[in-house]
Amino acid sequence: IGIFDSGIGGFTILHPLLQSRNDIDVFYLADTDRIPYGNKDFEEIRSIAKEICKWFKDKNLDALLIACNTTNACALDILEKNLKIPCFDLINSVSDIVSKKNIGVLATPATIESSYYKKIIEAKGENVKVFQQACPEFVSEIEKTHPDLNKLNYLTNLYLNPLLKENIEEIVLGCTHYPLIYDILKNKIYSNIRIIDPSIALVNKFNNSFLISINNCCDYISYDNVSFFVTAQREEFSKKLKYWFGINKKISLVNLRTND
């Protein structure tokens, strides 16, 4: 199985995946050299997606789990066309689990500009309204080795307030980094507002397609069968794994541009 993100956001997919099953080998690729993706333009994201495909091409994948919403929004067609394997994406997964009429979406500027979430969710019904909020600074702050909690609290207020004024009933976390600050977000909203993590919906969709035998259900999480690859800042990525997840694993450095 391949998992791709620009950084540590993909762990919000990897963690529930490994919680649910132990019968998979995972290649986790983080393009740390070009993080954040969410502030890049449409064509650059599509160009990077082609490089991702080249790197994964010889890994004999059964499926790709797209852990980057920005790539999902701008280049899903490229991934599907070039890899020719099942590609499980976040945005099409989330439409299965939203249930209210007024829905807020927090996401990167590139994802918001694509309006992919808005189109998919509003297609569920004529009375469904989606209110979008770009969060340009979240990823950069979360990706720090030691995030500034005061800055994260400030940014959370800044990004949530416009949505709360629209009387939203559900908030979609439209970037896989955002569940890492779930507790901060939860403390800023009314208790009746539901927070939706598309990562959970994606993992459920994958598990429904690749069924788990009873012998392969998980009692504990093991990262033994996960290989980590980054395109830059190997030591910094390792520190983040320890800070957020308590993981100490070998990290391999790769170059997407030359497939070395």
Taking all non-hydrogen atoms of both residues, which atom of Pro147 and which atom of Leu152 are closest, and how far apart? CB-CD1, 4.0 Å
Please determine, by modelled atom types, if Asp197 and Tyr182 share a side-chain donor-acceptor pair under 3.5 angstrom. no
Flag, side chain of Ser95 to backbone of Ile91, donor-acceptor distance under 3.5 Å: no
Are Phe42 and Ile52 connected, step by step, through hydrophobic side chains (Ile, Leu, Val, Met, Phe, Trp, Tyr) whose heavy atoms are closer than 4.5 Å? no
Could you check whether Lys129 pairs with Glu166 (Lys NZ or Arg NE/NH1/NH2 to Asp/Glu carboxylate O, under 4.0 Å)? no
Given Arg46, which of Thr71, Ile78, Asp41 fulfils the side-chain contact (heavy atoms from CB on, under 4.5 Å) condition? Ile78
Under a 4.5 Å cut-off applied to non-hydrogen side-chain atoms, are Cys74 and Tyr37 in contact? no
Please find the pair of heavy atoms, one from Val128 and one from Ile103, that lie closest to each other, and give the distance. CG1-CD1, 4.1 Å
So do the side chains of Tyr28 and Tyr223 get within less than 4.5 Å of each other, counting heavy atoms only? no
Could you tell me if Asn153 and Lys188 have a donor-acceptor pair between their side chains, going purely by distance under 3.5 Å? yes
Could you tell me whether the side chains of Asn72 and Asp89 share a donor-acceptor contact shorter than 3.5 Å? yes
Would Lys101 and Glu169 pass as an ion pair if we require N to O under 4.0 Å? no
From the list Ser140, Cys175, Ser6, side-chain contact (heavy atoms from CB on, under 4.5 Å) with Pro36 holds only for Ser140
ring-ring contact (aromatic ring centres under 6.0 Å, His included) between Phe4 and Trp55, intermediate numbers included: CA-CA 11 Å; Phe4 166 74; Trp55 189 84; 9.3 Å; no
Report yes or no: do Tyr116 and Asn92 form a side-chain donor-acceptor pair below 3.5 Å? yes
Determine whether a donor-acceptor pair (N or O, by modelled atom type, separation under 3.5 Å) exists between the side chain of Thr231 and the backbone of Thr32. yes
So which heavy atom on Leu241 is nearest to which on Ile251, and how close? CD1-CD1, 3.6 Å
Given 3.5 Å as the limit, does a donor-acceptor pair link the side chain of Thr12 with the main chain of Thr176, or not? yes
Flag if over 12 foreign heavy atoms under 6.0 Å of OH, Tyr154: no
Under 6.0 Å between the ring centres of Phe11 and Phe228? yes
Measuring only between side-chain heavy atoms, which start at C-beta, is Val105 closer than 4.5 Å to Lys118? no
Does a sphere of radius 6.0 Å around NZ in Lys81 hold more than 12 heavy atoms from other residues, nucleotides or ligands, not counting ones at 6.0 Å or beyond? no
Counting only heavy atoms from other residues, nucleotides and ligands, does the tally under 6.0 Å from NZ of Lys50 exceed 12? no
Under 3.5 Å, is there a donor-acceptor pair between the Asn207 and Ser20 side chains? yes
Carboxylate-amine/guanidinium proximity below 4.0 Å for Glu170 and Lys100: no
Would the Tyr178 and Phe138 ring centres measure less than 6.0 Å apart? yes
